[in-house]
A.B. asks: 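Sharing a structure, written as structure tokens. Questions coming.
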Amino acid sequence: MKYVSTRGDAPPVAIGVALAAGLAPDGGLYVPQSLPRLGPKVFDGATSMAEVAVPLLSPFFQGDSLLGELPGICSQAFNFETPLVPADDDGIFQLELFHGPTAAFKDVGARFLAACLQRLSRPDTRPLTILVATSGDTGAAVAAAFHRAPGLRVVILYPDGRVSPRQAHQLGCFGHNVSALAVQGSFDDCQALVKQALADTRLQLEVPLSSANSISLGRWLPQMVYYAQSSLAYFRRTKSVLNFIIPTGNLGNAAAAALARRIGLPIGRIVLATNTNDVLPRFFAGANYAPQASQQTLANAMDVGAPSNFERLRWMDPDDSQLRDAFTAIATSDQQIRDAIVRHHALTGKVVCPHTATALHGLGSIKRDPAHGWAIVATAHAAKFEGVVEPLVHEAVAVPPMLAALLAKPSHAERLQPDYALLRTWLSQTRS
Ligand SMILES: *Cc1c(COP(=O)(O)O)cnc(C)c1O
């Protein structure tokens, strides 16, 4: 299996090369050159994440030296559960993706990418530095996944004062090969600094760099695993497909569901739930695709005005009208997020995070046949967003043990002015 760019202008490469590179050299996103066909039978007897992952991902590693390592990669990466649990009424489920070390679904992709990069043989003996700009969840997942990984170090840039206090604590609590830089600016400043460093070929002669953002193939492919696992479990019981409503920002998570459906998993409709950053709802309602500047909302991990993985949806369905048939997208206002959190708590006694609330709102606004099963995708634990949810439900949200363990560690970040020369000096002089 070889990987090519969504923009069609990069030479085909093996998966190991695509994993290490992140972005294709023409600026596009890596996609497989051909797709396997994997019906439910291929997975007979497989129920855990790791058991489902090996037959699911093996075709994508054909011809690469990592293929033989895939069972080890999967058992290392998928060491927590992603349960499909019944939600508020008949036929509605919640796919809980928040049982990993940093309590958000990004743990799945980050841990898989880390397990792969750790095993890639590199000609270089110097450590590979993974640079990440984060508005909160990505940085923590990447830090947790790469913590103490030999030959790899992580440098996280986040906007000081603009992530939640618990998120900031998580970013700075790892130490060892993980450094947190509290940038005195916005998320856009952080992202611009990272892009500049990744494009700085002279710096890279001195400090080998890579990234771990949402377009990385090493995060996209493994996110298929929980869609495969949950839809297979549902299919074995009911002989019918499972539909999903997915809180969506950069479209990495939903693009994984789309790929899983395309290669033959028993997945029905895929509904994209966004916040008021509504580029996708506008497109799927018939408007041209028109990226916008992002707006701040209560579901801050979805504050994206130009969803990067849209190129992957278009690659799967190059014709816009076909693409519009394949998905539905629904926008959610902050008030609708609050209402969904309050209503769900009143009905079930359970508290959802603001991102998951967009999917609950989406469920309420689509026409659905009660005979068909629907899964709300719960992307983070409510305890990460206690500042938003606790005043709404008037109770404290219990912190899951793994998150509590991180919050109990001391935390340290260095302040950095948003000036590329300072970052460059920091990267070449700090050896952690
Ligand atoms: C990142 C994130 C999202 C958005 O996922 P995409 O793959 O960017 O669409 C949704 N919810 C939470 C909690 C997240 O951290």
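Whatever order the structure lists them in is the order used to number ligands and atoms, beginning at 1. Throughout, numbering of the chain's residues begins at 1 and tracks the sequence.
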A.B. asks: If the cut-off is 4.0 Å to any non-hydrogen atom of Thr248, which atoms of ligand 1 fall inside it?
C.D. replies: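 Reading through ligand 1 atom by atom, the close ones are 9 (O).
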
A.B. asks: Which residue and non-hydrogen atom of the protein lie closest to atom 1 (C) of ligand 1, and at what distance in Å?
C.D. replies: Lys106 NZ, 1.4 Å

A.B. asks: May I ask you to check if ligand 1 and Ala380 share an N or O to N or O distance below 3.5 Å?
C.D. replies: no

A.B. asks: Do any nitrogen or oxygen atoms of Ala104 come within less than 3.5 Å of a nitrogen or oxygen of ligand 1?
C.D. replies: no

A.B. asks: Please name all residues satisfying side-chain hydrogen bond (donor to acceptor under 3.5 Å, both in side chains) with Gln223, sequence neighbours left out, ordered by chain then number.
C.D. replies: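 If we apply the side-chain hydrogen bond (donor to acceptor under 3.5 Å, both in side chains) test to Gln223, skipping adjacent residues, there are no hits.
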
A.B. asks: Do Phe187 and Tyr158 have ring centres separated by under 6.0 Å?
C.D. replies: no

A.B. asks: Distance under 4.0 Å to a non-hydrogen atom of Asn253: what atoms of ligand 1 satisfy this?
C.D. replies: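 Within the 4.0 Å cut-off of Asn253, ligand 1 contributes 7 (O).
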
A.B. asks: With nothing but distance in play, are any N or O atoms of Phe105 less than 3.5 Å from an N or O of ligand 1?
C.D. replies: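 There is no such contact.
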
A.B. asks: Run the ring pair (Phe, Tyr, Trp, His ring centres under 6.0 Å) test on Phe244 and Tyr227 for me, step by step, so that the C-alpha distance in whole Å, both residues' side-chain angles and the decisive distance to 0.1 Å come before the verdict.
C.D. replies: CA-CA 9 Å; Phe244 291 93; Tyr227 291 110; 5.0 Å; yes

A.B. asks: Hey, does the Lys NZ or Arg CZ of Arg261 hover above the aromatic six-ring of Phe327, less than 6.0 Å from the centre and inside 45° of the axis?
C.D. replies: yes

A.B. asks: What I want to know is whether Asp137 and ligand 1 share at least one N or O pair that is separated by under 3.5 angstrom.
C.D. replies: yes

A.B. asks: Would you say His355 and ligand 1 have an N/O pair spaced under 3.5 Å apart?
C.D. replies: no

